[in-house]
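Reading through the structure tokens given below for one structure.
The analysis underlying the following values was restricted to heavy atoms, covering all of them including side chains, and did not include hydrogens, waters or symmetry mates. Starting from 1, each residue takes its place in the sequence as its number.
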Amino acid sequence: MENNSKVVNNIEIKIEDKEIAELIGDVCSSTYGVVGLTKVKSLKSQLATILNRNNYLEGILLTKEKNKYVVDVHVVMAYGVKISEVVRELYKGISYNLNKKYGPIFNKINIYVEELRDL
């Protein structure tokens with residue numbers, strides 16, 4: 001991820017990846033059923049590591065497609081929750097907060113559940 005900027009209504013909006021990662025991480029940590037952000041697992045047997053606020057950036061991938069951004073978020077969820085409901089709430093929270101702060105410059109938000117954990 002890198003620092004980007006976008007011009008909306010003749011105003012340049014700076015998009016800093018770390019700031020986006022912290023915003024998404026805060027939404028994740030306040031959503032019921034989400035244990036936290038995690039890195040993408042490279043091996044099936046490897047346990048997911050829960051990231052702290054200082055390294056939320058490692059659990060989020062921001063890519064640019066045409067004039068909009070795609071956000072990939074990798075999370076660990078609590079065992080026993082209804083995954084579809086938690087993902088829906090997480091998506092709504094992330095989408096709302098990103099659009100509120102940066103405007104409608106995000107085309108897609110993908111949420112990947114890397115692991116379920118017993119709490």
Are any of the side-chain heavy atoms of [X] and [Y] separated by less than 4.5 Å?
X      : Y      : result
Arg117 : Tyr79  : no
Met77  : Val87  : yes
Ile20  : Tyr102 : yes

Looking at Lys39 and Glu114, what are the two nearest heavy atoms and their distance? O-CG, 4.3 Å

Quick check: closest heavy atoms across Val27 and Thr31, and the distance to 0.1 Å? O-OG1, 2.7 Å

Verify, without hydrogens or angle tests, whether Asn99 (side chain) and Ser95 (backbone) share a donor-acceptor contact under 3.5 angstrom. yes

Given Ile24 and Tyr56, is the side-chain contact (heavy atoms from CB on, under 4.5 Å) satisfied, shown in steps? CA-CA 8 Å; Ile24 292 172; Tyr56 279 161; over 6 Å; no

When rounded to the nearest 0.5 angstrom, what distance separates [atom1] in [X] from [atom2] in [Y]?
X     : Y     : atom1 : atom2 : value
Glu58 : Leu37 : CD    : CG    : 10.5 Å
Ile83 : Leu90 : CD1   : CG    : 12.5 Å
Leu23 : Cys28 : CG    : SG    : 10.0 Å
Ile60 : Thr38 : CD1   : OG1   : 11.5 Å

Partner residues of Lys82 under the side chain to side chain contact (heavy atoms under 4.5 Å, CB included) criterion, sequence neighbours left out: Ser84, Glu85

What side-chain donor-acceptor pairs closer than 3.5 Å can you find for residues 106-113, not counting sequence neighbours?
| from | atom 1 | to | atom 2 | distance (Å) |
| --- | --- | --- | --- | --- |
| Asn110 | ND2 | Asp72 | OD1 | 2.7 |

Applying salt bridge (charged side-chain N to carboxylate O under 4.0 Å, His left out) as the test, list every pair that has at least one member in residues 20-36; sequence neighbours left out. Glu22-Arg53, Asp26-Arg53

